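Numbered from 1 within each chain, the chains take letters A, B, ... in sequence-line order. Here the structure is a predicted model, which is why all the values come from computation and not from measurement. All values below come from the heavy atoms of this structure, side chains included, with hydrogens, waters and symmetry mates left out.
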Amino acid sequence: MQLDPLGDWKRSDYLEHLGKADLGRQVTLMGWVHSRRDHGGVIFVDLRDHTGMAQVVFGPQHNQASFERAQELRSEYVVAIKGEVVARSTDQVNLKMKTGEIEVFVKELKLLNGCTALPFQIGDLQESITEKNRLKNRTLDLRRPQMQHNLILRSKAAHVMRNYLHEHGFFEFETPILTRSTPEGARDYLVPSRVNPGHFYALPQSPQLFKQLLMVAGYDRYYQIAKCFRDEDLRGNRQPEFTQIDLEFAFVAPDDVMTLVEGMVAELFEKTLAVKVELPIRRMLYADAMAKYGSDAPDLRYGLELTDLTELSKNCGFQVFSQAAQSEGGLVKVMCVPGGADFSRKDLDDLTEFVKIYRAKGLAWVKLTPEGWQSPITKFFNPEEIAEINQRTGAKVGDLLLFGADKKQVVNDALGNLRKEVARRRKLAEDGRFVFCWVTDFPLFEATEDGGFHSCHHPFTMPVMEDMETAKHPTDIRSIAYDLVLNGVELGGGSIRIHRPDIQKRVFQMLKITDEEAREKFGFLLDALDQGAPPHAGLALGFDRLMMFLTGAESIREVIAFPKTQQASCLLTEAPGKVDPAQLKELNLALRKTQS
RNA sequence: GGGGUUGUAGUUAAGUUGGUUAUAACGCUAGCCUGUCACGCUAGAGGCCGCGGGUUCGAGUCCCGUCAACCCCGCCA
């Protein structure tokens, strides 16, 4: 194959920018051969670049040499052409193409590069390609218009947010990627140090401490589009390395953070999707979210609220309920599904299986018929109890009641997720509708399995000081922390930070972090708090998750150029890979046989 | 660590109760075609049925194991 040099040719236009305004112009175009239709005496080529496509026409009457050369063209060859923009006659207009009213008669063709037979086609009309195949051939996959749209929108979104933050007095700072391991939280990715044998850097799980230090250093307003690393198992919306819009500012209250962030999010949705976000965004207490929705990230596109029946169940005849209600930390709750009495027996069996995923032992249900309750458990309830449950849930004839009775966490988990599942089955959550909310006043601590507890947010979160004095149990202490939730997904969260050394020391004590440990792990932070730390607060938004909403992607991998598989490997580069023994030796590392 | 789904030409899929030469569409190759745009017509090439073992006269199909991708639980301050 004879290839041509680009020479002094300069591209005059991007393809999809061409239109009737350009009629008669001599243009120089460059791109990929998307498809070729050879009619013998005339050859049509759809030329493609990142903006879109335009049809270029090779014919002997336009130019004999390029017409003959065009017979060599195949899919994904890279070409440059010079030609004239002409109008198509009315019967030749292609309304499916944005540039379908014009075409370009080619006078000169340069073949810049060829292309071997591809593992899959680039067009969007093709049948779906398996994701394994796409990830292995990611370069080609990224050439597809959908992926180009996603990644270019990602760039635009970052730009919008950067502009917004600069306009609001924020400065962009970088923080180290090679840093030190901190306790709690996720598993760290470690990097061995060559010059300090036996010592390791950790990749940051977030720039949390550095941004606090920048506040103490007096920079007032910080932001960063920051890569974060957590060595935990993956999900459809979780990658081991991900990106946060991370920000922090000094001398502010929670209100200031929320107002600034919701302004940014509103501008982002307006400028990328032309969607108006109604401000201010609704705020909800964590305790209310858990009570009404069984989740700290409620989807508010629909109702299906939960009602607490614990008190009422304590003396009811149904042992499953009464035992749960009487036990320490037990809970009985119900969700009313309007019109849900048409769920079939199989639907209800499916839902019962569904809640078992979340460790519920079963799912009690009641259909409200004109004759009253229809349910395997009707016999355990007296008319007064039935009337009260109907009244408190607002259930009407034709509705369905779904009950959960177990330990608090199991009930909330099961019913919270059941709520989302029922909404999905009944199509209550419309696409293209974005319902935000703030969830505030998270608990400071969360109980762990071994009887201890750890920070809900992180150990640098400001407690509600009066709770510190009055709470009977550490888990009753609230924190000044807030999450931004969109359609049932946590987009990000933040908090007022502890800026006083005395409070920080108390929190470390409560977390059973000794002075020595605190000194060793966070000495630099404690010193900073002693050196004139201003009150400060901040938040981080998951950029990848935001992009999932902006693109409508079902998976986080659709908005990341080079994502990892569920086993945290990259099918393109085959990372992680083995390393040369010499490299290990230099790092003072020895491998041991993996235990099986 | 656990539960589930999937794996058959380059791609996407079909393949019946275990039975003869494993199908189709798209793509690819060659030829023809001056208005197509999912171009059309003719011909052709293309297979370790994920991998390993077993049952059987005979396995894409049944059994056991294993690998990979995906979804979920645990995990993710």
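In terms of phosphate contacts, Ser75(A) brings a side-chain nitrogen or oxygen within less than 4.0 Å of OP1 or OP2 of rC28(B). For Arg88(A), no side-chain nitrogen or oxygen approaches OP1 or OP2 of rU36(B) to under 4.0 Å. Lys132(A) has no side-chain polar atom (N or O) that falls below the 4.0 Å cut-off from OP1 or OP2 of rG50(B). Under 4.0 angstrom from either OP1 or OP2 of rA69(B) there lies at least one side-chain N or O belonging to Ser569(A). A sub-4.0 Å separation between OP1 or OP2 of rU36(B) and a side-chain N or O of Arg37(A) is absent.
The distance between atom CD1 of Ile556(A) and atom C1' of rC72(B), rounded to the nearest whole Å, is 16 Å. The CD atom of Gln566(A) sits 14 Å away from the C1' atom of rG1(B) (whole-angstrom rounding). Between Asp141(A) atom CG and rU11(B) atom P there is a gap of 14 Å when expressed in whole angstrom units. Here the P atom of nucleotide rG40(B) and the CZ atom of Phe44(A) are 14 Å apart, to the nearest Å. Straight-line distance from the CD atom of Glu574(A) to the C1' atom of rA68(B): 12 Å, rounded to whole Å. Going from atom CG of Asp46(A) over to atom P of rG35(B) covers 17 Å, rounded to whole Å. With rounding to whole Å, Gln567(A) atom CD is found 12 Å from rG2(B) atom P. Rounded to an integer number of Å, the gap from Phe229(A) CZ to rC75(B) P is 24 Å.
Across all strands, Thr130(A) comes closer than 4.0 Å only to sugar-phosphate atoms, never to a base (heavy-atom distances). Within 4.0 Å of Arg134(A), counting heavy atoms only, lies no atom of the nucleic acid at all. Backbone-only engagement by Asp413(A) is indicated by non-hydrogen atom pairs under 4.0 Å involving sugar-phosphate atoms exclusively. Note on Gly59(A): nothing from the nucleic acid sits closer than 4.0 angstrom, heavy atoms only. Glu103(A) comes within 4.0 angstrom of a nucleotide base, judged by non-hydrogen atoms across all strands.
rA14(B) and rC72(B) have their C1' atoms separated by 29 Å, given to the nearest Å. The P atoms of rC28(B) and rG4(B) are separated by 41 Å, rounded to the nearest whole Å. Taking the P atoms as reference points, rG53(B) lies 23 Å from rG10(B), given to the whole Å. A distance of about 12 Å separates the C1' atoms of rG60(B) and rG50(B), rounded to the whole Å. Look at the C1' atom in both rG3(B) and rU8(B): the space between them is 27 Å, to the nearest Å.
Under the Watson-Crick or G-U wobble criterion, with both distances below 3.5 Å, rU6(B) is paired with rA68(B). When Watson-Crick and G-U wobble pairs are counted only if both distances are under 3.5 Å, rG47(B) pairs with no nucleotide at all. For rG40(B), the paired base is rC32(B) (Watson-Crick or G-U wobble, both distances below 3.5 Å). Figure legend. rG18(B) is base-paired to no nucleotide; pairs are counted as Watson-Crick or G-U wobble with both atom distances under 3.5 Å.
In this structure, of rC39(B), rC76(B), rU12(B), it is rC39(B) that holds the atom nearest to the side chain of Ser35(A). With rC76(B), rC73(B), rC70(B) as the candidates, the nucleotide lying closest to the side chain of Arg557(A) is rC70(B).
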Can you give me the N/O atom pairs linking the protein to nucleotides 29-32 of chain B at distances under 3.5 Å, or say none if there are none?
from, atom 1, to, atom 2, distance (Å)
rU29(B), OP1, Arg74(A), NE, 3.3
rA30(B), OP2, Arg74(A), NH2, 3.2

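Taking the 5.5 Å centre cut-off and the 30° plane limit, the aromatic side chain of His39(A) is not classed as stacked on rU36(B). In this structure, Phe120(A) does not pack face-to-face on the six-membered ring of rU11(B), missing the 5.5 Å centre cutoff or the 30° plane limit.
For a distance-only test at 3.5 Å, the side chain of Asp91(A) fails to qualify as a donor-acceptor partner of the base of rG35(B). Counting distance only, with no hydrogens placed and no angle test, the side-chain atoms of Arg238(A) and the base atoms of rC76(B) include a donor-acceptor pair under 3.5 Å. Contact of Gln92(A) with rU36(B) (side chain to base): no donor-acceptor pair of N or O atoms is detected under 3.5 Å. The base of rC37(B) is paired with the side chain of Asn94(A) by a donor and an acceptor separated by under 3.5 Å.
Inter-residue side-chain proximity for Leu348(A) and Leu363(A) is flagged as unmet; no heavy-atom pair is nearer than 4.5 Å.
Residues of residues 353-363 of chain A having a heavy atom closer than 4.0 Å to RNA chain B, listed by number: Ile357(A), Tyr358(A), Arg359(A).
For Asp413(A), there are no salt bridge (charged side-chain N to carboxylate O under 4.0 Å, His left out) partners two or more places apart in sequence or in a different chain. Evaluation of the salt bridge (charged side-chain N to carboxylate O under 4.0 Å, His left out) rule for Lys361(A) yields Asp406(A) as partners, not counting sequence neighbours.
The stretch residues 52-76 of chain A participates, sequence neighbours left out, in these ring-ring contact (aromatic ring centres under 6.0 Å, His included) pairs: His62(A)-Phe105(A).
The aromatic ring centres of Phe445(A) and His454(A) sit 6.0 Å or more apart.
Between the side chains of Asp544(A) and Gln239(A), no donor-acceptor pair of N or O atoms lies under 3.5 Å.
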**Item:** Candidate pair Ser569(A) and Glu574(A), rule side-chain hydrogen bond (donor to acceptor under 3.5 Å, both in side chains), full reasoning
**Value:** CA-CA 7 Å; Ser569(A) 65; Glu574(A) 294 183 331; over 6 Å; no
Show me the donor-acceptor pairs within less than 3.5 Å that the side chains of residues 480-489 of chain A make with the rest of the protein, sequence neighbours left out.
from, atom 1, to, atom 2, distance (Å)
Tyr482(A), OH, Ser495(A), N, 3.2
Tyr482(A), OH, Ser495(A), O, 3.1
Tyr482(A), OH, Gly538(A), O, 3.1
Asn487(A), OD1, Val435(A), N, 2.8
Asn487(A), ND2, Arg433(A), O, 2.9

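Ring geometry, His458(A) versus Phe460(A): the interplanar angle falls from 30° to 60°, so the pair is classed tilted.
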